[in-house]
Amino acid sequence: MNHLFALVDCNTFYASCEKIFRPDLDDQPVLVLSNNDGCIISRDRVAKTLNIPELVPFFQVKARVEQLGCHVFSSNYELYGDISARVMAALAPYAAALEVYSIDEAFLQVRAKDYQAHGTAIKDMLWRDVRMPVCVGMAPTKTLAKLANRAAKKIPRLNGVCVLDTPQKWEWLLARIPTKEIWGIGSRLSERLKMLNIHNALQLARAEKKWLRKKFSVVLERTISELNGHPCLDLDLEPAPRKEIVCTRSFSYKITRLDELQQAIASYASRACEKLRMQQGLTQNIWVYLESFDRQVGYFNRQVVKALPHLSNDTRQISQVGQQAIAELYQPGLRYKKCGIGLLDVRTQTYEQVDLFNPQQTERSRALMTVMDNINHRYGKQTVQLAGAGIEPKWSMRREYMSPRYTTRWSDIPVVKC
DNA sequence: TCTGGGGTCCTAGGACCC
DNA sequence: TCTGGGGTCCTAGGACCC
């Protein structure tokens, strides 16, 4: 075998991040909530044994969770992002090539004499150096590596490492995996496959792929090839810049006033524009979204796309257009729960087409944005921001159980008492 | 009172071109 | 009696992922 793909996936990533700086919680149940403290999105190993469900609204289980003595945290993305970067950096020496697939997963291209030993070495290293528990799955294709990883998580005797390097090994596993669990097969597809009498991964692997391509899509055809050990998907080493940058949030309570909605849009526009400038991007089309829910009126959402006069990454300009748009969408008397802004058709500054007859973003505006970003990078987010975004606004999301930003704020650095 | 947020890729169909 | 063929670009919507 020339090389294998390895998928390294952190176990209960958010909950594990919270535990790194709280060794006192080692054997305690830990839960992490989504934005606005809405749902449970991560449960550590101990909480799972208590049968606390994932993806349920927190308020429904709050009483039980407290009774069981769970430690609850609001999501702390600054912390998780930083721990993720540590994990990825630590993995690099163990791979010929590495793809950061998500905040808690990486695909590696690995060559080793003994793959089992290599996987164990990766797992032990991440626990020793970052205090992050992971599982490792290895196989000749990414799709099989995903399934190997799932097996490593679910089958205790594998000790967190699963290598599928022969058809005998992966076919044994495929026969035991429902189609829904395959990477790229969601609930819709798996239902339709069931009607064709395809219930598990082995049945899919042995199905007629050309016919299924016609009936479904090329994606499914690739999945079938990958299940048979024929790689179709390579590592994505240099992720392409984003084509869309979206920022939407629910409010901590229902908003009724336009000026508060405009504050929110200004604040989300700032966030989106920071991301835009980070990838040296420009945008010309702005999407604005507004959602309300009211007992009497019911559910309602509206959206609009607005064009800027020219390509831009200026927070002030984009925020202003966003605020005009939200004013158009606004209807007095409704109670709003969520709004958002998206930057569409994002392109790179390098390829900007200069138009002789139309205005462009000025040098002055570019320079100002750079200064703003530098200050915020150095002294912390929102050191400089638009006045229109409001100062510590009441509507901003609930985060009642927030842990310190141990690794990204000087003021939050943990203190060791001897 | 109360249910997250941010992405990508593919396809079908329409408009338009030569 | 009989009405071409092939291609590109764009958009909306569906499906999927973490």
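The side chain of Val218(A) sits closest to dC10(B) out of dC10(B), dG5(B), dC16(C). When each of dG5(B), dC17(C), dC10(B) is scored by its nearest atom to the side-chain atoms of Trp183(A), the top-ranked nucleotide is dC17(C). Side-chain proximity of Glu105(A) to dC18(C), dG4(B), dG5(B): nearest is dC18(C). Which of dG4(B), dG6(B), dC18(C) sits closest to the side chain of Thr248(A) comes down to dG6(B). In this structure, of dT8(B), dT11(B), dC2(B), it is dC2(B) that holds the atom nearest to the side chain of Lys254(A). Closest to the side chain of Arg249(A), from the set dT3(B), dG5(B), dG4(B), is dG5(B). Of the candidate nucleotides dC10(B), dC18(C), dG6(B), dC10(B) has the atom lying nearest to any side-chain atom of Ser217(A). Listed candidates were dC16(C), dC2(B), dC18(C). Nearest to the side chain of Phe59(A) is dC2(B).
Side-chain contact of Gln317(A) with Ser312(A): a donor-acceptor pair under 3.5 Å is present, judged by distance alone. Checking Arg277(A) against Thr315(A) by side-chain atom types alone, a donor-acceptor pair falls below 3.5 Å. A side-chain N or O of Ser225(A) and one of Lys209(A) form a donor-acceptor pair less than 3.5 Å apart. Side-chain atoms of Ser403(A) and Asn76(A) form a donor-acceptor pair, as typed in the model, at a separation below 3.5 Å. Using a 3.5 Å distance cut-off with no hydrogens or angles, the side chains of Ser250(A) and Asn36(A) do not pair a donor with an acceptor. No hydrogens or angles considered: a donor-acceptor pair under 3.5 Å links the side chains of Ser74(A) and Asp37(A).
A straight line from CE of Met397(A) to P of dG5(B) spans 8 Å, rounded to a whole angstrom. Taking atom CZ of Arg398(A) as the reference point, atom P of dT3(B) lies 7 Å away to the nearest angstrom. Rounded to a whole Å, the CG atom of Leu233(A) is 13 Å from the C1' atom of dC17(C). Counting to the nearest Å, the P atom of dC17(C) and the NZ atom of Lys142(A) are 14 Å from each other. Rounded to an integer number of Å, the gap from NZ of Lys146(A) to P of dC18(C) is 4 Å. Distance Phe216(A) CZ to dA15(C) C1': 12 Å, rounded to the nearest Å. Atom pair Arg242(A):CZ and dG5(B):P shows a separation of 18 Å (rounding to whole Å applied). For the pair Met88(A) CE and dC18(C) P, the interatomic distance rounds to 13 Å; values are reported in whole Å.
Distances shown here put every side-chain N or O of Lys337(A) at or beyond 4.0 Å from the OP1 or OP2 atom of dT3(B). At dG5(B), one or more side-chain N or O atoms of Ser250(A) fall inside 4.0 Å of OP1 or OP2 (strictly under the cut-off). Contact check, Arg222(A) against dC9(B): no side-chain N or O comes under 4.0 Å of OP1 or OP2. Between Ser34(A) and dT3(B) there is no side-chain polar atom (N or O) within less than 4.0 angstrom of OP1 or OP2.
Backbone-only contact: Leu189(A) has heavy atoms under 4.0 Å from sugar-phosphate atoms and none from a base. Among the atoms of the strands shown, none is found under 4.0 Å from any heavy atom of Asp37(A). Tyr101(A) comes within 4.0 angstrom of sugar-phosphate atoms only, judged by non-hydrogen atoms across all strands, and of no base.
Taking a pair to require two hydrogen-bonding distances under 3.5 Å in either a Watson-Crick or a G-U wobble arrangement, dC18(B) pairs with dG5(C).
Each of Cys39(A) and Lys275(A) was matched to the nucleotide of DNA chain B holding its nearest heavy atom; the match closer to the 5' end belongs to Cys39(A). The residue among Phe58(A) and Lys243(A) whose nearest nucleotide of DNA chain B lies closer to the 5′ end is Phe58(A).
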